[in-house]
Q: 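One structure is given below, represented as C-alpha cells, and several questions about it will come after.
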Amino acid sequence: MLFSFFAGKGGVGKTTCAAAEAVLFAARGRRVLAVSTDPAHSLGDALGERLSARPRRVHRGLFAAELDADRALSRWFQKRERAFRVLASRGTYLDDEDVDQLLSQSLPGVDELIGLVELTRLAAAGEYDRVVVDTAPTGHTLRLLAMPDTLARLARVLNDLQQKHRWMSQSLGGRYLPDASDAVIEGLERQAEELRALLRDPARSAFHWVMLPEELALREARDGVAGLQRLGVRVRELVVNRLTPAPRSPCALCAGRRAEEARVLRATREAFSDTPLRLVRALDEEPRGLAALRRLSSARTQAPRPGAARPQPGEGTAWVPPEGVRLLLFGGKGGVGKTTCAAACALHLARRGKRVLLLSTDPAHSLGDVLDRALSDEPRDIAERLTARELDADQAFAARREQYRRSVDELFDALRGGARFDATFDRQVVQDLIDLAPPGIDELFALFAVVEALQAGFETVVVDTAPTGHALRLLEMPEKALGWVHALLAILLKYRRVIGLGDLARTLTTTARELRDLQELLRDPARALFVPVTRAAVLPRMETERLLRALRRLGIPTGPVLVNALTPAGCGRCGRAAAVEAGEIAALRRRSPAMLATPAVAPPPRGARQLLAFGRTWASR
C-alpha cells in the first residue's frame with residue numbers, strides 16, 4: 001500500500017490535485033481511499049459529494065473520507081483510558097475527580113496526532129492499494145508529520161508517572177513486575193516508531209508538493225521542502241498548478257501572468273534541480289466532480305513564454321475600519337490573499353497616522369515575502385508608524401514552559417525534611433503537566449502579543465491568520481485554555497499542604513487573566529473585527545460560508561467580506577471567468593451583504609509601493 005501526500009501552501013490546489021490523483025488511480029482499476037486531514041475540509045466540495053469520517057464509496061474503486069479528529073481521539077482514548085487513569089493516580093496525589101479534569105483536556109497536537117493514527121487505521125481496515133491524503137497548509141502539515149515525536153513525548157510523560165510506582169514497588173517488595181500500564185507505554189513508543197518509519201520509507205509514502213507559479217508559493221515551497229527533509233522525508237515531485245494558457249486574443253492580464261509564471265518556473269527548476277516537475281494548466285472552470293477531475297489529471301502543459309508587463313492597479317480610496325476598532329484579523333481559505341490584504345490594510349492605516357503593528361500567526365509565515373522585507377519574531381519597523389512581526393509560537397510556549405518549570409523547581413527546592421512523598425518523582429510529574437496542554441496553546445500564547453501591543457501604545461493591530469481551520473481553532477482556544485489552566489490549578493492545589501504554590505499560582509492566575517482579556521477583546525465589536533477574505537470560486541465561497549457560520553457561533557464580530565482577485569475584462573477566457581465569478585458573488589451575497597472587491601493583478605503585489613496601490617483598488621460591491 002502506498003500513501004500519497006499532497007502538501008503545499010494554502011490555496012495552491014492541494015485538494016483538487018489530490019482528488020484528481022485518486023480519481024485517476026481508481027480509473028486504472030486500483031482500490032483507492034482519498035482522505036482529508038485539513039480541519040477546514042473541502043475534499044467533499046471537490047468531489048461533489050457529502051463526506052464524513054467514515055469512508056464512503058463515491059465511484060467504482062474510489063472511497064473518500066474527511067477525518068473527524070474529535071471522534072478519532074475519543075476512539076483512540078477509550079482503548080487506553082483505564083491505563084491512563086491508573087498512571088495518573090500512581091504518579092500524583094490525584095483522585096478520580098482530578099483525573100477526570102485532567103483527561104477532559106485535549107492531548108497535545110490532537111488533530112495532527114490523531115490524523116496520522118487515523119490514516120493508518122482506515123488504510124488497514126479497507127485493504128486499499130493507495131491512500132491519497134489531502135493535507136492542511138504547510139505549517140500544520142509539517143506539524144502533522146512531526147507527530148511521531150509528539151507521541152513519543154506523551155509516552156515519556158506517562159513513563160515518568162509510572163516511574164514512581166516502579167520505585168515504590170521495588171523498595172517495598174524487592175522487585176517490580178511490569179503490568180498493563182507498562183504495556184500501554186510501550187505500545188505508544190512502538191506506534192511512534194512505526195509512524196516515523198512509514199513517513200520516511202519512499203516505498204510506502206510519496207510526497208507531492210503543490211505550488212502555483214508565483215513568487216510567494218515558490219518561497220514557501222523552498223521552506224516546506226526543507227522542513228520535510230529535516231524530518232527525513234523526500235519529495236517525489238513538484239506539481240506546478242494553474243499555469244495560464246496562451247490567450248487567443250490580446251489580454252494584458254494573461255500576458256502579465258504568463259511573463260511572471262515563466263520567470264518563477266525558471267527559478268523553480270534552479271531551486272529543485274533534482275526533483276521532477278509536473279506542470280498543470282489552468283482550466284476554464286474550477287474542476288469539481290469526477291468528470292472535471294479526470295480532465296484535470298490529464299491537463300499537463302508546457303512552460304509559458306514571457307509576455308507583456310503586469311497591469312497596474314488603478315487609483316482610489318483605501319478601505320478603513322470603523323473608528324475605535326483596534327484589532328483586525330484577516331482570515332479565510334489558504335491562497336485567497338489574506339497576507340497581501342492584511343499588509344495593504346496595515347500600510348494604509350499607518351499612512352493615515354495610526355501606529356500599527358502587523359502580525360502573522362500562520363506557522364508558514366509569508367508576511368515578510370509579501371512586504372519584501374526580512375522578518376522574524378522580533379518586531380521590525382518597516383515604514384513610518386508601521387511595525388511588523390512574524391510570531392514564533394514555539395518560542396512563546398517555550399518561554400511559558402520554562403517559567404512554569406522554574407516555578408516548580410523553586411517550590412521543590414524549598415522542601416525541608418519530613419516531606420510526605422518522594423520529591424524527585426513528584427517534581428518530574430508536576431513539571432510534565434504543562435506538556436499535556438491542549439493543542440494550539442502555543443499559538444495562543446503567541447497571540448498574547450496582541451494585548452501586549454495595545455497596552456504598549458499601538459493604536460491598531462492587524463493580524464494575518466493561518467488558513468480557516470486553524471484560525472478558528474485559535475479563536476476557540478481562549479475558552480479551552482482557561483479550562484486547562486483552571487484544571488491545572490485544581491491539580492496543583494493537591495500539593496499545597498506539602499509544597500505551597502507561591503510564584504506558580506501567580507504565574508497561572510496571570511495567564512488566566514490574560515486569557516480572559518483576550519477573549520473579551522475578540523468578542524467586542526467596538527474594538528475587533530474579523531475580515532473574511534475569499535475568491536469568487538466554488539470551493540473558496542463554500543469555505544467562506546462555513547467560516548461565517550463558525551464566527552457567528554463563536555461570537556466573533558465580522559467586517560465586510562473581501563472578494564479578492566476578480567478577473568477584469570480581457571480575452572474570451574477572462575470574460576468567461578468573470579461571468580462565473582459574478583455568479584459566485586451573487587451566491588455569497590446571500591450570506592454577507594457587506595462586501596469589498598479587488599481586481600486581479602499579475603504578478604501579485606509585493607513591497608510597500610505595490611501594496612499601497614493595491615489597497616486603493618478595494619471597492620464596495
Side-chain angles (χ1 to χ4, degrees), residues 1 3 5 37 67 69 72-92 94 99 102-103 105-125 141-170 175-205 228 230-233 394 397-398 401 405 424-439 442:
M1 183 192 332
F3 287 82
F5 292 86
T37 65
L67 295 189
L73 172 65
S74 177
R75 179 170 49 249
W76 182 86
F77 176 72
Q78 283 176 2
K79 295 179 180 178
R80 299 160 178 84
E81 181 176 8
R82 187 168 182 275
F84 286 175
R85 288 181 178 279
V86 170
L87 285 163
S89 62
R90 283 175 175 175
T92 67
L94 308 186
V99 173
L102 178 63
L103 296 180
Q105 308 302 318
S106 298
L107 294 171
V110 59
D111 47 356
E112 289 94 351
L113 166 63
I114 296 304
L116 275 183
V117 172
E118 186 70 353
L119 274 177
T120 55
R121 187 190 72 84
L122 292 177
T141 293
L142 292 176
R143 185 178 291 182
L144 178 147
L145 299 177
M147 277 308 111
D149 295 333
T150 301
L151 196 59
R153 188 167 66 249
L154 175 60
R156 177 187 58 76
V157 172
L158 297 175
N159 191 63
D160 287 341
L161 291 169
Q162 180 76 338
Q163 191 62 29
K164 181 178 179 180
H165 173 67
R166 295 177 186 134
W167 178 82
M168 292 179 65
S169 297
Q170 183 76 28
R175 63 173 182 161
Y176 173 71
L177 295 176
D179 58 16
S181 297
D182 291 282
V184 167
I185 295 169
E186 290 171 6
L188 292 176
E189 292 171 339
R190 185 170 57 253
Q191 192 172 41
E193 188 51 44
E194 288 171 352
L195 289 173
R196 190 180 290 114
L198 169 66
L199 295 173
R200 294 177 177 177
D201 184 353
R204 293 189 291 160
S205 294
L228 291 177
R230 286 193 295 272
L231 294 171
V233 172
D394 290 339
F397 186 51
R401 183 192 290 116
R405 286 179 170 164
T424 301
F425 296 114
D426 284 83
R427 179 196 298 257
Q428 186 64 53
V429 166
V430 174
Q431 285 182 334
D432 284 345
L433 291 176
I434 197 166
D435 286 328
L436 296 179
D442 51 349

Q: For a quick test of reading the model, state the closest non-hydrogen atom pair linking Ala83 to Ser181 and the distance between them.
A: O-OG, 4.0 Å
Q: In sequence, state the C-alpha distance, the side-chain angles, and the governing distance for Leu188 and Arg80, and then conclude on side-chain contact (heavy atoms from CB on, under 4.5 Å).
A: CA-CA 10 Å; Leu188 292 176; Arg80 299 160 178 84; 4.1 Å; yes
Q: Taking everything shown except Arg82 itself, do over 12 heavy atoms lie less than 6.0 Å from its CZ?
A: no
Q: Is Glu118 salt-bridged to Arg121, going by a charged N under 4.0 Å from an acidic O?
A: yes
Q: Backbone N or O of Asp179 within a donor-acceptor pair of the Asp182 side chain at under 3.5 Å?
A: yes
Q: I'd like to know whether Leu158 forms a side-chain contact (heavy atoms from CB on, under 4.5 Å) with Gln162, so could you lay out the CA-CA distance, the side-chain angles of the two residues, the decisive distance to 0.1 Å, and finally the verdict.
A: CA-CA 6 Å; Leu158 297 175; Gln162 180 76 338; over 6 Å; no
Q: Report the residues that fulfil side-chain hydrogen bond (donor to acceptor under 3.5 Å, both in side chains) with Asp394, sequence neighbours left out, ordered by chain and then residue number.
A: none
Q: Identify the residue among Thr37, Val233, Leu119, Thr141 that makes a side chain to side chain contact (heavy atoms under 4.5 Å, CB included) with Phe5.
A: Leu119
Q: To check you understand the geometry: which heavy-atom pair defines the closest contact between Ala192 and Ala152, and what is its length?
A: CB-N, 3.9 Å
Q: Kindly compute the distance separating CD (Glu194) from OG1 (Thr120), expressed to the nearest 0.5 Å.
A: 8.5 Å
Q: Kindly write out the residues that satisfy side chain to side chain contact (heavy atoms under 4.5 Å, CB included) with Arg200, not counting sequence neighbours, or none if the list is empty.
A: Arg196
Q: Keeping Ser205 on the side-chain end and Pro202 on the backbone end, is there a donor-acceptor pair under 3.5 Å?
A: no
Q: Heavy atoms, side chains only, cut-off 4.5 Å: are Leu198 and Leu116 in contact?
A: no
